[in-house]
Structures are given as C-alpha cells and as structure tokens.
There are 2 protein chains.
Amino acid sequence: MKKKVSLKDIAQEAGVSVALVSYVLTNKEEKARVGQEMAKKIRKIARKLNYQPNHIARSLKSGRSDTIGLIVADISNPFFGHVARTIEDEAKKNNYTVIVGSSDENMDKSGDLINVLLNRQVDGLIVIPTEGSEAQIRQLQDRNVPFVLIDRFFPDIATSSISIDNYAASHDAVSHLIRSGRKRIGMIAYKTNMHHIAERRRGFSEALTDNGLTTAGLLKLARYSHIKEDIRTAIDQLMGAKKPADALFFATNSLAIEGLRYIIELGIKVPEQLAVVSFDESEAFDLFHAPVTFIRQPILEMGKAAVRVLLEHIRDGERPAEEVCIDTELVIRRSSAAQ
Amino acid sequence: MKKKVSLKDIAQEAGVSVALVSYVLTNKEEKARVGQEMAKKIRKIARKLNYQPNHIARSLKSGRSDTIGLIVADISNPFFGHVARTIEDEAKKNNYTVIVGSSDENMDKSGDLINVLLNRQVDGLIVIPTEGSEAQIRQLQDRNVPFVLIDRFFPDIATSSISIDNYAASHDAVSHLIRSGRKRIGMIAYKTNMHHIAERRRGFSEALTDNGLTTAGLLKLARYSHIKEDIRTAIDQLMGAKKPADALFFATNSLAIEGLRYIIELGIKVPEQLAVVSFDESEAFDLFHAPVTFIRQPILEMGKAAVRVLLEHIRDGERPAEEVCIDTELVIRRSSAAQ
DNA sequence: AATATATGCTTAAACGATTAAGTAAGCAAG
DNA sequence: CTTGCTTACTTAATCGTTTAAGCATATATT
C-alpha cells in the first residue's frame, strides 16, 4: 500500500514546521496565530497532496478512537442485522465507526470479543449479552468502560440498558390469543435463564392463569444448539396431546420460522386448527399462507437510544446508569384470526 | 474509562526500562538476551496488572492495523449479513478484525466509507461495489490498496474478485423452467448496469432464445429505490398481458420477496398458474406455500476466498489480481414444479 | 528610550509500543 | 593488562499527530 501523505510531507513542501501545519489543518490558526498567507499555502498543499489525517496517530494522542464496539449474537440473523444497521447509521451521524462481532450466544466468544474490542481501544461498547456473561459485564463496570446493554439485561446488575417490556408484550400477545377464542395455548421458548426470555415465559404463563387457563405442559423449551430437534419434539408433544394445542406462541423469530417449517410439513392448518403468534419481525412471516401475527420490536428507536446513552457515558464517565424501556406493538394478522 | 496498564507501568514496578519489558512481552527475550530472572519477574508483574497491549500504539509503529474493512450494500439484508458473518469468522481465524459499513447501493456513501476505512488505516478492503463506483475502485488500484471485490466486479477493471457465474446460473434456472413446461417466462431484475445483474439478465434472455422462445416484453426492471411500486407494475404487466406469463424469475431475493407479497395479494396460484424461481436463498422461501426454487450462492466459500485472497494481497503488495469464480447450485422445489 | 504587546513561527514533549544501537560489567584469552 | 566477547541491560529514535511553551521580530504604548 502506498505510503500516505503525512503532516511532515506537507511541512517539508511548505518549508515550515509540522506543528504549524497541524494548527492550520485542525483549524486552530487563530489560537495559534498563523499568518493568513501561510495558512492558505498550507491548505493548498494539503489539498494538492490529498492529505488525510492518520486516525491511528490521532487516537494514540487523544486517547479516543471514535470507534464503538458492538457485540451481537449473530450478525447474519436479520434481527441483529437490523440492530447493527441502526447503530451503524446512528454512530456515523456522530462521527463514530462501529466494529461488530458475533458471540453466537457463547460466553467464551463474548469474552474474547470484549477483549479484542477493548484492546483496539474502542471508546465504548454496545452489547447484546449472552447467558452467563454477568462476570464480563461486572468487569466492564469495574474497569469503568462506557457500555450499554441492548435487547437484554441482567436484573441483578445495575447497568444502562435499552430494552422492551418483554413481560407485557408477551402477556399482551397471549391475551390476544385468548380473546380470539383459543383455549390451549402452547409456547416454545429457548431453554435459557436469560431474563428477557424468562420474562416472555412469565408473560405467557400469567396471561393464561389471569384468564383461568391452565399452563400445565404448555411451555416447551428448545436448546439454542438443537433448535430443530427440540422444536419438533415440542410440537409433536403439544399437538399429540389428548387435548392438542389450538395456538402456539413463539418466543423469537428463529423459533417461529423453524416451527412453521415443521407445521407446514405436518400439514397443520393455520389459523383454523392452530393460531400462531411470534415475537420479532420477519419477511418470512409475510409469505406464510396465513401472515403471521407478531410482536414488533422498535429496533430503530432501540438502536438510536443505545448510541445516545453510550455517547453520554463516553462523554461523562460519571453518568449514572440509564434504563430505557421502549414500547412494542402487536401486529395482528391472519395467523391468529378467531376460529 | 480507567486508564489501561502500559509497558511503562510494568517497567516502573520492575525498576527497568520500557524496552526491556517490551522485549519480554513480545517474546524476544533471547534475541535481546534478557536475564531469565528478570523475564520471569516482568511476566509476573504483567499478569498481575493484567497488561493488555495497546493495539493503537502498535499499529502506529508497525503501520499495520490488523483490521480489514468490509463494504456491503446493507448489513441488515440477510444475504449481506451472511457474507459479513463468514468474513468476520474467517478474519478472526487470521487475527484480523473487521469493520463493516453499508453503502445502500449509493456511490457517494460507498466513497465516504472507503475514505473512513482507509483513514482508520485498515490493511485492506473487501468490497461489494456499487453501481458507478468504478472511479473509486481505480483509485484503490492507483493507491495500491490491497482489496478484493466480492459478489460483483467490473469487467473493464482487472481486480481480484470473488464471484459466481451469474450468466450460467441464470441460464440454468430458466432452462429448468422451460424443461418443466413453461413457455412465457418473465424476469424481474434491478434497473442497473452492474455487470452481475446484466449477466443474470443475459442468462435469462439467452436461455429463452436458445429454446426458440421470444423474450419480447418479458424482462422487467425495478429501481432499487422504488422496489415495491415497480414490482407491482411489472407483475401487473406480465400477468395482464394477452398471453400472461406462466413463470417468473427474480434476480435477487429482495425482489422475490416483494414480488411474492404481491403474488399472494393477487391470489395467483403457484406453481399451477405461475412458476417461481429466485436468485439467492431466504428463510422466507421455505414458508411460502410452495417452497421457492432458488439459486444458492456459495456464501461460505465466497467469504473464505475473499479473506484468503485479500490476505495474500496484504502480505505481498505485488501479487497479481486473482479472479475466483465459484459454482452455484439450483435448489429445485415446488414453486417450479411441472404443470 | 524603555517597556509592553502582538505576530508568526519553531521546539519539544507526549501518546504507547518497537527495535537498532549503545554501554557497562564480568570474564576469558592472548 | 589489554583486547575481545558475553551478558544484561538502557538510550534513543521512530510511527503521525497534538499542543503547551519558547523565541524572535515588529509594532504600539508610556
């Protein structure tokens, strides 16, 4: 790669010191009392040589990299892709660059990523935390690293976070199913202790009991690492029971998509035989023969809030944690139509 | 953010010079003939203080950032998300970090991104180029920046590139439709001069003429900025003609998804009334009542190849351009079943 | 005339790491 | 006892930028 033009090159050509060039090109001419003629000359040379400041050198001097790190579960998953995109755009507006990494819901990878990003001197982190990563988060706090959790958080650790009310959204969705006449509503969620999923499960259970329905045998869990098999087992159990389920609530879009694949395979009629509702949005939901009712997460607002709060922390290291909770929206479509 | 531990801190605690610490911690003790005792002591202190090298300082000295820049059209699009993910993983294996940016198929944004990434001293670029960005690519060549184009390339510019044979894949898919009895096959593609899309269109046209079919009025173009309207118009024209189309070939998954939304709305029967084939993969294709036949791009291989070729260029600035072309696979499903 | 102030630039240190070159002390060989 | 070789370190320069402090020279003020 051709060597880039540095202040030194410009200084040489102008016959002045490097410092003077720096003053001019960072618009500190007045403060540094640079002559008008000389300023003009320097600028002209800089333009001629197409000078581009070396960001690395600047960072070393300033201690800031104008870069934020983003850790998602998997950038190839459209949900996280969207989150990443809004954060990228929002960061750019503030002259920040984003480095993204995928943790695969694996706490070791997540820990590695945090280290890599911090060694690259990111100014702060936006993290979608993984199960079991509490210690990593506490470390960030101890080290006083500016960071924001997004999508999920740990109720036992007071950190800045951007999230939705998973309990309410879930309760809402299930209540909608009940109102539309469903009596045996099953749920398929991830087998995890992560708070956001636990809240979704709680919303489901309480919506049932609030309406005098039993929850017995209706909550099924799938392992992240064995989605396909576990979902098939779950659906087999729910639909094969003496009283088969008449509605199914999926805790995430990945679960729903995998579940719908099997529902198609089994030839189950949606919504006649089985109503379906899912968390999260997906293009795939539009193409299913009965467009799928879903809980829309406000990804754009979440991304914006995450960047805003993170930048506040970066600018003021003493700022207290801020927990942002944004409303969701239940988008009702044919998959949950009344029987 | 708490100040990080530097070599200086360790040197102070050990009562030695910074240089000595550097030699030890970069495992150059033998070359620098460091005493065994002292080496041990230094390592111990480093561990105690949890020293993490400052990557920025290293980069400034070495001129390498161990970072590669990736420019995609839109990271929230699953196709590009997958590409990004494979590149992230492959880069990590080689101790490289990736900075991704989305160009939105906009050449100004693409140019800005290239500048931002180069100013951040990335060691090389992997680019999914945008229409009209030829000048930017030539500039990269002039500046001798290591880079690889992926997914698309400019036939007039000799660069390293990773791509598929768009013509063949398209010809293949359309031939498949013809073999399954379709006579009036329409295609919806982007209105662009980008070579990869042009090749897809050419594959379509030639497959028709090779089989003695007319192409008249069967190729429809949609603007990237007006996908929805343009697709609706295109489908209206194709299906409303005196001899309506009996098959539809989409040039990308975004076009297909938007098209299928409208096909559902119109109540067109797939595959009975209309066969459908699309370029690219999508979860949504699985949930459509007639699983959609599609052309699978070898994203994993493409990502791996891109990183491999880029690293070769980074390591050897004189290396000649390498054009990699990887085979696609036509995955035949019900949406294109024989009539 | 002596002093103060303004102007226009340079010097030098710093950020954190790397690395060639230098030095000081110990020991062996001639 | 001088020279040379090891050994075990230190010094100092460097990467590109920023910025406080310094230094002439010219002009204004008393």
Side-chain angles (χ1 to χ4, degrees), chain A residues 1-43 45-46 49-67 118-123, chain B residues 1-43 45-46 49-67 118-123:
Chain A
M1 187 142 43
K2 230 174 249 178
K3 230 188 82 252
K4 291 188 59 172
V5 175
S6 71
L7 291 184
K8 205 169 157 189
D9 300 319
I10 300 176
Q12 233 144 42
E13 177 136 355
V16 296
S17 71
V18 169
L20 199 67
V21 179
S22 171
Y23 284 125
V24 171
L25 297 184
T26 50
N27 299 312
K28 296 194 188 60
E29 343 168 27
E30 315 197 354
K31 210 179 132 218
R33 299 167 317 204
V34 182
Q36 299 231 336
E37 293 290 278
M38 187 50 84
K40 215 177 264 177
K41 183 175 172 189
I42 288 172
R43 260 187 252 281
I45 296 177
L49 300 183
N50 186 31
Y51 169 73
Q52 301 289 132
N54 182 325
H55 200 274
I56 297 258
R58 241 180 213 178
S59 291
L60 180 58
K61 188 84 226 306
S62 68
R64 302 174 312 110
S65 62
D66 298 320
T67 301
L118 291 180
N119 289 349
R120 305 225 165 205
Q121 314 298 122
V122 295
D123 295 336
Chain B
M1 184 144 41
K2 230 174 250 178
K3 228 188 86 252
K4 291 188 59 173
V5 175
S6 71
L7 290 184
K8 204 170 157 188
D9 300 318
I10 300 176
Q12 234 145 41
E13 176 135 356
V16 295
S17 72
V18 169
L20 199 66
V21 179
S22 171
Y23 285 125
V24 173
L25 296 184
T26 49
N27 299 312
K28 297 195 185 61
E29 343 166 31
E30 316 199 355
K31 211 180 134 216
R33 300 165 316 201
V34 181
Q36 302 231 335
E37 293 290 278
M38 187 49 84
K40 216 177 264 179
K41 182 175 174 191
I42 287 172
R43 261 186 252 279
I45 296 176
L49 300 182
N50 186 31
Y51 169 75
Q52 301 289 131
N54 181 325
H55 201 274
I56 297 259
R58 247 183 206 176
S59 290
L60 180 59
K61 186 84 223 308
S62 67
R64 301 174 314 110
S65 62
D66 297 321
T67 301
L118 290 181
N119 290 347
R120 306 223 164 207
Q121 315 298 122
V122 296
D123 295 335

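This one's a predicted model, so the numbers in the text were calculated from it and none came from an experiment. A, B, ... follow the sequence lines: proteins, then strands. Residue 1 opens every chain.
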With DNA chain D as reference, determine whether A/V5 or A/K31 sits nearer its 5' end, using the nearest nucleotide of each. A/V5

So B/Y51 and B/I45, do their side chains get closer than 4.5 Å, heavy atoms only? no

Whole Å only: how far is the CD1 atom of A/I10 from the P atom of D/dG16? 12 Å

Tell me the interatomic distance from B/E37, atom CD, to D/dT7, atom P, rounded to whole angstroms. 16 Å

Among D/dT18, D/dT10, D/dA20, which is the nearest nucleotide to the side chain of B/Y23? D/dT10

Would you say A/S62's side chain and A/R58's backbone share a donor-acceptor pair under 3.5 angstrom? yes

Whole angstrom is fine here: how far is it from CD in B/E30 over to C1' in D/dA8? 14 Å

Distance col, row A/L118:CG vs B/N54:CG, nearest 0.5 angstrom, shows 11.5 Å

Can you tell if the side chain of B/T67 reaches within under 4.5 Å of the side chain of B/R120, non-hydrogen atoms only? no

Taking the side chain as everything from C-beta on, heavy atoms only, tell me whether B/K4 gets closer than 4.5 Å to A/N119. yes

Nearest-angstrom distance from the residue atom CE of B/M38 to C1' of D/dT10: 12 Å

To the nearest angstrom, the CG-P distance between A/L49 and D/dG16 comes to 14 Å

Specify the residues of residues 54-67 of chain B, ordered by number, for which at least one heavy atom lies under 4.0 angstrom from an atom of DNA chain D. B/L60, B/K61

Would you call A/N50 and A/V5 a side-chain contact if the rule is heavy atoms closer than 4.5 Å? no

For A/L20 and D/dT19, what is the distance between atoms CG and P respectively, to the nearest whole Å? 15 Å

List the steps and the verdict of side-chain contact (heavy atoms from CB on, under 4.5 Å) for B/Y23 and B/E29. CA-CA 6 Å; B/Y23 285 125; B/E29 343 166 31; over 6 Å; no

Can you tell me how far the OG atom of B/S59 sits from the CD atom of A/Q121, to the nearest 0.5 Å? 9.5 Å

Pair B/K8-B/S6, side-chain donor/acceptor within less than 3.5 Å: no

Give one of base, sugar-phosphate or nothing for B/V18, where a contact means two heavy atoms less than 4.0 Å apart. base

Rounded to whole Å, CG of A/L25 lies from C1' of D/dT17 at a distance of 11 Å

Considering every strand and a 4.0 Å limit on heavy-atom distances, what is the contact class for A/K4: base, sugar-phosphate, or nothing? nothing

Tell me, please, the opening and closing nucleotides of DNA chain C, 5' to 3', among those with an atom under 4.0 angstrom from a non-hydrogen atom of chain A. C/dT7 to C/dG16

Check this one for me: any side-chain N or O of B/S17 less than 4.0 Å away from OP1 or OP2 of D/dT10? yes

Between B/K28 (NZ) and D/dC9 (P), how many Å, whole number? 18 Å

